[in-house]
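Here the structure comes first, spelled out in structure tokens, and everything after it is commentary.
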Amino acid sequence: MKKYISRLLLCASLAVASTAVWATPVEASPAEVSAEVQNDVKIAVKGNTLRVTGAAGLTLEIFSVTGQKVKAVKLSANDETVSTSLPRGCYIIKVGDVVRKVSLG
């Protein structure tokens with residue numbers, strides 16, 4: 001009986017603690033707001049060519065659907081075209097915080 005009561009009290013205290021955390025308002029810092037504004041990365045796909053805009057200084061990473069990194073390219077220009085020789089299929093593209101699932105080929 002003591003175990004049952006202690007588990008019940010533990011669950012109740014966790015429920016109250018999690019409610020208090022969710023109810024607390026969080027304000028974005030200026031760094032977070034500017035990061036959201038700078039998140040204007042656009043990815044366009046045509047065949048085996050990727051066109052990335054708004055990503056100067058970021059790294060373009062291409063992953064297989066199993067999560068294995070197959071290519072990484074440092075983007076130096078704001079509007080850059082990257083050609084790949086990857087086999088036809090679905091891939092996951094990551095540029096900064098932007099992640100997209102695309103079909104190459």
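Predicted model only: the values in this text are computed from it and were never measured.
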In this structure, CD1 of Ile43 is separated from CZ of Arg51 (nearest 0.5 Å) by 12.5 Å
Test side chain to side chain contact (heavy atoms under 4.5 Å, CB included) on Val102 and Ile62 and set out the steps.
CA-CA 10 Å; Val102 299; Ile62 304 174; over 6 Å; no
Where Val95 and Ala55 come nearest, the two heavy atoms and their spacing
CG1-CB, 3.5 Å
If you look at every heavy atom in Ala56 and Ser76, which pair is closest and at what distance?
CB-O, 3.9 Å
With a 4.5 Å cut-off on side-chain heavy-atom distances among I, L, V, M, F, W and Y, is there a chain of contacts connecting Leu86 to Val73?
yes
Side chain of Ser83, backbone of Thr49: donor and acceptor closer than 3.5 Å?
no
Minimum-distance pair of heavy atoms, taken over all atoms of Lys74 and Glu80:
O-OE2, 4.2 Å
Taking all non-hydrogen atoms of both residues, which atom of Val45 and which atom of Gly47 are closest, and how far apart?
CG1-O, 3.9 Å
For Phe63 versus Lys94, what's the shortest heavy-atom pair and its separation?
CE1-CB, 4.1 Å
Under a single-linkage definition using a 4.5 Å side-chain heavy-atom cutoff for Ile, Leu, Val, Met, Phe, Trp and Tyr, are Ile92 and Val41 assigned to the same hydrophobic cluster?
no
Following the transitive rule for hydrophobic clusters with a side-chain heavy-atom cut-off under 4.5 Å over Ile, Leu, Val, Met, Phe, Trp and Tyr, establish whether Val70 and Leu50 coincide in one cluster.
yes
Contacts of type salt bridge (Lys or Arg N to Asp or Glu O under 4.0 Å), residue Lys71, not counting sequence neighbours
none
So, taking the atom named OH in Tyr91 and the one named CD in Glu61, what distance separates them when rounded to the nearest 0.5 Å?
15.5 Å
Separation between CD1 (Ile93) and OG1 (Thr84), nearest 0.5 Å, reads 8.0 Å
